[in-house]
Amino acid sequence: MVALPSLRGLQAFEAAARAGSFAAAAEELSVSAAAVSQLIRTVEEQMGRKLFHRVNRRVVLTEAGVEMLPRLTMAFQEIGSVARDVGDAFRPRLVISVPPSMAMGWLSERLAGFVASHGAADISLRGDDDPVPFDHELIDVRLSYGPHYREHPTEEIVRDAVYPVCAPGLAGAIKSESLAGLPLIHTDWGPTGASFPSWRNWFEAAGMVPGRAARRGLSANSSRAALDLAISGLGVALAQGIYCAQALEDGRLVRPAASALELRQPYCLTIPERSARRDVVAAFREWLIEECRRAVRSPALIA
């Protein structure tokens, strides 16, 4: 087998020849100009050929150097291409499934924080209603309202509540905690979804008579849509703390009444056994649990 010259030396020669100087090559390779000169001298000794003429602090390619340069440039470009392809092939992949309202705003706005903390990954974010096809869609992590997936390892991570929220301009018209005369925004998850707390439930839990207002007003079939309607000033919505905490903190929403109503079921995290041992899944699980708990424990939700 033919002995190969120093790969680092060949890299130094190619950079210097392409850039036109040892100094430029040194900057590209993050070494000193003296180190570039020594690396090239080593290659010249190993090959038994002069690659540069050194004339009055200038370097000029010899015939051997002119012949080598284009072939080395192509070789290093190919090495770089292989490194990128292999690196891309081994980038961690993560398939996350959450309720549609969470995918549309809450989680999509926070994913950059996970990537910044844990590195790049090929992430597929899905907004799905229950049930989800874990194996068919190769789902790694599922966050759901309620423990739907007993066939896979499932843990309860947080229990939330709903809070009356509205735009600041609407709050001035509220008489104490009666919410009298204000339009109410209702959330209905539909016939196949879980039962979302109604305004009648909230009035009764707060010790108030619901009245006709508990049945009138705008209605939305997703938590996110109801929240957006409230932010727009169209009424008072019952919103989960996990969704409305940030808007309360930054002043887009206020709480016109202190009473909250705990949700009937907890939020649960389901991770199939085939995914649980993967580092990226374990890191995302820890990060997501912390984000959920931070939201529901926001000071803005404390009466």
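When reading the values below, keep in mind they use all heavy atoms of this one structure, side chains included, and skip hydrogens, waters and symmetry mates.
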Exercise. To the nearest 0.5 Å, tell me how far L288 CG sits from M102 CE.
Key: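 Here the interatomic distance stands at 7.0 Å.
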Quiz prompt | Residues, nucleotides or ligands: over 12 heavy atoms within 6.0 Å of E63 CD | solution =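 Atom CD in E63 is not crowded, with 12 or fewer foreign heavy atoms closer than 6.0 Å.
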Exercise. Check the surroundings of atom CD in E151: do more than 12 heavy atoms from other residues, nucleotides or ligands lie under 6.0 Å from it?
Key: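 Yes.
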Quiz item: After noting the C-alpha distance and the side-chain angles of S259 and Y163, does the key distance pass the side chain to side chain contact (heavy atoms under 4.5 Å, CB included) rule?
Solution: CA-CA 7 Å; S259 298; Y163 303 82; over 6 Å; no
Are any of the side-chain heavy atoms of [X] and [Y] separated by less than 4.5 Å?
| X | Y | answer |
| --- | --- | --- |
| V141 | V281 | yes |
| L238 | L261 | no |
| P99 | Y145 | no |
| Q265 | E156 | no |

Does this structure show an ion pair linking [X] with [Y], if we count only N-O contacts that are shorter than 4.0 Å?
| X | Y | answer |
| --- | --- | --- |
| R142 | D130 | yes |
| R126 | E137 | yes |
| R18 | E14 | yes |
| R41 | E44 | no |
| E155 | R285 | yes |

Practice problem: Return yes if a side-chain donor-acceptor contact under 3.5 Å exists between E249 and S298, otherwise no. | Solution: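 Distance-only check passes for E249 and S298.
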Quiz prompt | Between D128 and S97: side-chain donor-acceptor atoms closer than 3.5 Å | solution =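 A donor-acceptor contact under 3.5 Å links the two side chains.
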Quiz item: For V254, what residues pass the side-chain contact (heavy atoms from CB on, under 4.5 Å) criterion, not counting sequence neighbours?
Solution: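 side-chain contact (heavy atoms from CB on, under 4.5 Å) list for V254, sorted by chain: C166, P168, A171.
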Exercise. Could you list the residues that satisfy side-chain contact (heavy atoms from CB on, under 4.5 Å) with A25, not counting sequence neighbours?
Key: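 Scan of A25 (side-chain contact (heavy atoms from CB on, under 4.5 Å), adjacent residues dropped) gives A15, A16, V36.
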Quiz item: For V43 and S6, which heavy atoms make the closest approach, and how far apart are they?
Solution: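 Reported closest heavy-atom pair: CG2-O, 3.9 Å.
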Quiz item: Which pair of heavy atoms, one from S195 and one from R264, lies closest together, and at what distance?
Solution: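 That would be O-NH1, 3.2 Å.
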Quiz item: When you look at R274 and D140, which way does the side chain to side chain contact (heavy atoms under 4.5 Å, CB included) test go after all the steps?
Solution: CA-CA 8 Å; R274 59 173 163 76; D140 296 306; 3.8 Å; yes
Quiz item: Name the one of F22, F76, F52 that satisfies ring-ring contact (aromatic ring centres under 6.0 Å, His included) with F13?
Solution: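 Answer after filtering F22, F76, F52: F52.
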Exercise. Measure up the F284 and F114 rings against each other and bin them: parallel (under 30°), tilted (30 to 60°), perpendicular (over 60°).
Key: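 Judged by the thresholds at 30° and 60°, the geometry between F284 and F114 is perpendicular.
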